[in-house]
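Written below as C-alpha cells is the structure these notes are about.
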Amino acid sequence: MTAPDPNSLPTTYDAASTEAAWYPRWTEHGVFTADPARAATHEPFVIVIPPPNVTAVLHMGHGLNNTVQDVLIRWRRMAGDEALWVPGTDHAGIATQNVVEKQIAAEGHSRFDLGREAFVQRVAQFVDKTGGEILNQLKSIGASADWTRTAYTFSPELSRSVREAFVRLHEDGLVYKGHRVIHWCPRCGTSLSDEEAEFTDTTGKLYHLRYVLADDPSQSITVATTRPETMLGDVAVAVNPDDERYQAMIGKDVILPLNGVRIPIVGDTYTDPAFGSGAVKITPAHDANDFEVGKRHALATPVIIDAEGIVREVEGAAGRVPAELSGLDRFAARKAIVNLLEAAGALVKIENHQHSVRHCYRCDTVVEPRLSDQWFVRMQPLADKALAALRTGELRILPERWEAVYVNWLEGIRDWNISRQIWWGHRVPVWYCNASCGHAPIVSRTDVTSCPGCNGTVRQDEDVLDTWFSSWLWPFSTLGWPDKTPDLRAFYPGDVLVTAPEILFFWVARMVMSGCWFLDKAPFHTVYLHGTVRDMQHRKMSKSLGNGIDPLDVVRLYGADALRWTMVAGLGLGVDVMLDPTDLEKSFAPGRNFCTKLWNIGRFLLSRVGPEPVKPVASLDAASLTAADHWILERLDAAIADCDAALGPARPADLSRWTDAERYRGLRLSEYAEAARRFVWNELADWYLESVKPRLATEGDDREVARAVLAHAFDGALRLLQPVVPFITEELWQKLPQTPPNAFIAQAAWPVVRAQASGSAAVFEQAREAVQAIRQVRSENNVNPGAWVDAVVVGPAASREALTPVIETIGGLARARVTLAEQNPGGASAQVLLSGGIEVVVPLAGMIDLDKEKQRLQTELAQLEKQLGALEGRLANEGFVAKAPPAVVEAERAKAADWRTRAGQLRDKLQALGA
RNA sequence: GGGCGAAUAGCUCAGCUGGUUAGAGCACCUGUCUUACACACAGGGGGUCGGGGGUUCGAAUCCCUCUUCGCCCACCA
C-alpha cells in the first residue's frame with residue numbers, strides 16, 4: 001500500500017477546469033501579445049484572422065479555421081518567432097443591416113420610418129451590445145490571438161484606412177462612377193458585386209414570343225426569352241447579320257405586343273443563331289448584355305422594373321406598361337404577361353430550359369439586373385500586380401490547384417462595383433455641390449462642409465461601400481495604415497492566410513491586390529485553403545439544413561483540446577472534415593481519447609519520475625544510457641524532424657519568394673499531429689515507458705538516467721503537441737521537475753533535434769521485434785495471457801552479447817523468460833525469424849498446437865516462395881538486368897539472397913516439425 | 001460551353017520526380033479488467049490501386065480513352 005502522493009494527478013482529466021485556469025493566465029502574462037520592437041531581433045510571423053461577421057455565432061467552420069491558425073501561430077511562437085495573430089470582426093454591411101431591419105420589421109417599421117441617422121445609430125447600438133461575442137467564443141477553443149490588437153472594420157481607425165484607399169484609388173484613376181446594368185437585390189435594396197450574385201442552376205422556361213412586323217402584319221419574328229416580363233422594356237430585336245433567315249428583316253420594325261411600341265430589328269453579332277429562335281429581344285435597362293447591344297445601336301433605355309422589383313413605368317418608359325400590369329411584382333407580372341401574350345396569340349411555345357440564375361448571397365432573392373449609377377474600381381491594373389505576385393513566387397496557394405483558379409479569375413477580372421445602397425457601412429467619401437456651380441464632385445479624405453467652388457452647401461454621396469472594400473485592406477489597416485506605425489513596419493507583410501476556398505475571390509485575391517497596390521508587397525506569402533466541415537452525407541453544415549454542430553457543445557462535452565485534435569488529425573491538405581452531427585461521440589471520441597491517453601501517460605510518468613530534480617539529458621554520459629534510452633531519444637529526434645517537415649517551412653528561405661523546391665511543402669497538419677501522436681503513444685508509452693518500469697523501481701545511477709530520459713522525452717512530446725492541444729499540455733508540463741518556475745509551455749522553445757545518433761538504438765529495435773514475435777506466437781497458440789513462457793534467442797555471438805541487457809529488460813513485455821543460445825534447440829517449438837539472422841524459439845512443450853504452427857510456417861513459406869519466384873523472374877529478365885540502374889539490380893539481388901536464406905530456414909523448421 | 005481536380009482497405013485519406021512484400025487513422029474480428037489508461041492493452045483479417053488500351057526491363061505512379069463524382073469560371077437571350 002502506498003500513501004497518496006500529494007503530487008499525483010486526478011485519475012481523469014478535467015478539461016473544463018484546466019481550460020478555465022490556463023487561458024486567463026496566458027492572457028494576463030501577455031503570452032499572446034506581440035511586440036514590434038522584438039521583431040527586430042526575432043523573425044515576425046503574422047496571421048490576420050478572417051474577420052467573422054460582428055454578429056456571427058461560432059460554428060464548426062470557424063472552429064476549423066481558427067484551430068488551424070492557432071496551431072500555426074503557437075508553433076511559430078514556440079519556434080522563437082515574434083508571432084502575431086490579429087483578431088477582429090467585420091461590420092458586414094448587408095448582413096448586419098438585414099438583421100436589424102428584421103428586428104425593426106417585427107416592430108412594424110422599416111428603416112425608412114426611422115431615417116438614416118437613427119437607423120445607423122440603432123445598428124451601432126446593436127453591434128455594441130451583442131457584437132463581437134464570437135471573439136469570446138474563440139477564446140474558449142484556445143485561440144491565442146493578440147487581443148490587445150482586436151480590430152473592427154468599422155472602427156474610426158479602419159474607417160480612415162477605407163477613405164484613404166478610396167481616395168488614393170481615385171487619384172490613381174482607378175475609382176470611377178459608371179452608369180450601367182448591375183446586379184440588384186430587390187429585397188436588400190442594393191446593388192451587388194459579381195461575386196455577391198451567386199449562380200444557382202435552375203430548370204426554368206424559355207418562352208418563344210412572336211413580334212409582328214410593323215409594315216407587314218403577315219410577317220413576324222420570334223424571340224426567345226427566359227424573362228418575358230421584360231418585353232415591356234424592349235427597344236429592339238437583334239439578329240445575327242450573317243443569319244440568312246433574318247437578314248432581310250434587319251432595318252424593319254416590329255410592334256411589341258401588349259403595349260404596341262414600335263421597335264427596330266437590328267443586326268448584331270452578339271446574337272447566336274443557334275440559340276433559341278436566333279433572334280434576341282433587347283432590353284437595355286434590364287440585362288447587362290442588352291445594355292451593351294443598346295449602346296452599339298444608340299437605343300433608348302426604358303426602365304420598367306423599379307428598385308423593389310415592381311413592374312411600372314419607372315423612367316423613359318411612358319406608355320410602355322399597360323395599367324393592368326403596373327404595380328405587379330416582377331414574378332406576378334411574368335405570369336400575367338404570359339397569359340396576355342397567349343391570349344394575344346403572341347406566345348409561340350414554352351420550353352424547359354436549364355440555366356443558372358443569380359441570387360443574392362445574403363438573402364437568396366433572385367437578382368434583378370438594373371441600370372443605375374454606381375462606383376466602380378478598375379481592376380485590371382490591380383489584378384496584374386496580383387498575378388505577378390503569384391508568378392514570381394512571392395505568393396503561393398495551397399493546395400496548389402487553387403493557384404490555377406486564382407489566375408483564371410484574375411485574368412478575366414471585371415470592374416468591381418463597390419457602392420451599396422444600404423446605410424450600414426462606410427459612406428462613399430464624395431461630396432457634391434448643392435448649388436449647381438459646376439464644381440466637380442469632391443473626393444476627400446476628410447469631411448467636406450462647403451463647396452470649394454462656390455462656398456455653398458454640399459451633400460455627401462448617399463451610398464456606402466461594399467463591406468469587402470474594408471476587409472480587403474485588413475492585413476494592413478489593422479496595423480495602422482496609412483500611418484507608418486511601428487506595427488506596420490514590423491508586421492507587414494504577414495505570413496500565412498488561412499481560410500476556406502469560398503472567399504478566394506471575395507477576399508483573398510482582393511487583399512493581394514490591395515497589398516500589392518498600396519504597399520507594393522503581397523500581404524502574405526502563403527494562402528492556405530482548408531476544406532469544409534461536412535456531415536456524413538458530405539453536405540455542408542448549415543443552419544437551414546440543421547446539420548450543424550455547435551463547437552461550444554463539443555467544448556463542454558469533450559473539451560477544447562478534443563475538438564482541436566479531431567479537427568487537426570482529420571485535416572489533410574485541402575481535405576474536407578467529415579463530422580456526424582447526430583453522433584458527437586463518434587466524431588469527437590478520438591480527440592477525447594487521445595487527451596485521456598496523454599493524461600494517463602503523464603499521470604503515470606510523473607508519479608514515477610517524481611518531483612526531485614532531473615539531470616539534463618545533454619549532461620548524461622552516453623555510455624550510461626541503455627539501448628532503450630538511445631532508442632527513445634532517437635525516436636524523439638525523428639518525431640521532431642517529422643513534425644517540422646510536416647508543418648514547415650514557415651516562410652521562404654530567402655524571405656522574398658518561394659523556390660520551386662519548397663513551394664508546395666508544409667502545412668500538412670494531420671501529418672504533424674500523427675507524427676507527434678505516434679511518438680508519445682506508440683513509442684514513448686507503448687515501449688519506452690513499459691521497458692523502463694523495472695529500472696524506476698531500483699535505486700541508483702541507472703534510475704537517475706531513466707528518470708532524466710523519461711522527463712526529457714515527455715517534455716519533448718508535450719512541446720510538440722502544444723500547438724494542437726495547448727491546455728492539457730500546459731497542465732502536464734507544469735508538473736515536470738525540470739520545468740522552470742513561472743514559465744508557460746505556450747512560449748517554451750520548440751524542440752530541436754539533438755543529432756546524436758547511437759548504434760545501440762538498433763539493438764532495441766531488434767529486441768522489439770523479438771517481443772512482437774513472442775507475443776504473436778502466444779496469441780496464435782492461445783497461450784494464457786497471464787502465463788510466463790520460455791524463449792530462446794538464437795543468433796551470432798556478437799548480436800547476442802549486445803542483446804543480452806535489452807532482452808533482460810523487455811522479457812517482461814512478452815511475459816517470457818529469455819535465454820540466449822548459439823544453436824537452435826529444435827524440438828516442438830514455435831520459431832520466428834528476425835532480421836539479421838536472429839531467430840526466436842519458443843519451446844512450448846504441451847502448450848503449443850503443432851498443427852497450427854506447421855500451418856503458420858507453411859503459409860509464410862508459400863507467400864515467400866511466390867514473391868521469391870517473381871523476384872527471380874525479374875532477375876532472370878535480361879532487359880531488367882541490362883536497363884535498370886545497377887543500384888536497383890544490386891538491391892534486388894541482395895533481397896533475393898535474403899529471401900532464399902529465409903525460405904531455407906523455414907523449410908528446415910517445417911522438417912524439424914515433421915512436416 | 002470552357003477549365004481544373006479526384007477515383008487506392010467498410011470510411012476518411014497518404015503514397016513527391018515510375019523500381020515495396022501498396023501504407024496510416026478510424027471501423028471490424030479474437031483475446032485480456034496484466035498494479036497509468038477497457039476512452040486501454042495484445043494479436044489478427046481486409047485492397048486484381050474505377051474500366052479499357054498504350055509507353056517501359058518494370059506502372060497505383062507517365063500517356064490516351066471511357067465511366068462516375070466534385071470544384072471553378074462563362075455575355076446559358
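Throughout, a chain's letter reflects where its sequence line sits, starting with A, and its residues are numbered from 1.
Contact annotation: A/Asn600 does not reach the phosphate of B/A40 (side-chain N/O to OP1 or OP2, under 4.0 Å). Between A/Lys693 and B/U35, a side-chain N or O to OP1/OP2 separation shorter than 4.0 Å is absent. For the pair A/Lys597 and B/A36, the criterion of a side-chain N or O lying under 4.0 Å from OP1 or OP2 is not met. For A/Gln776, a side-chain nitrogen or oxygen approaches OP1 or OP2 of B/G44 to under 4.0 Å. Of the side-chain N and O atoms in A/His355, one or more sit less than 4.0 angstrom from OP1 or OP2 of B/A77.
Only the P atoms considered, B/A27 is 16 Å distant from B/G10, to the nearest whole Å. Rounded to whole Å, the C1' atom of B/A9 lies 11 Å from the corresponding atom of B/C28. As rounded to the nearest Å, B/G18 and B/A74 have C1' atoms that lie 38 Å from one another.
With hydrogens and angles left out, the side chain of A/Glu671 and the base of B/A24 share no donor-acceptor pair within 3.5 Å.
When ring centroids are compared, A/His183 and A/Phe199 stay outside the 6.0 Å threshold.
A salt bridge is defined here as a Lys NZ or Arg NE, NH1 or NH2 lying under 4.0 Å from an Asp or Glu carboxylate O, and A/Asp561 with A/Arg592 fails to meet this definition.
Counting to the nearest Å, the P atom of B/C76 and the CG atom of A/Asp201 are 12 Å from each other. In this structure, CG of A/Asp576 is placed 14 Å from C1' of B/C11, rounded to the nearest angstrom.
Using bins of under 30°, 30° to 60° and over 60° for the plane-to-plane angle, the ring pair A/Tyr361/A/Phe506 lands in the parallel bin.
Pair assignment for B/A6: B/U68, on the basis of Watson-Crick or G-U wobble contacts that are both within less than 3.5 Å.
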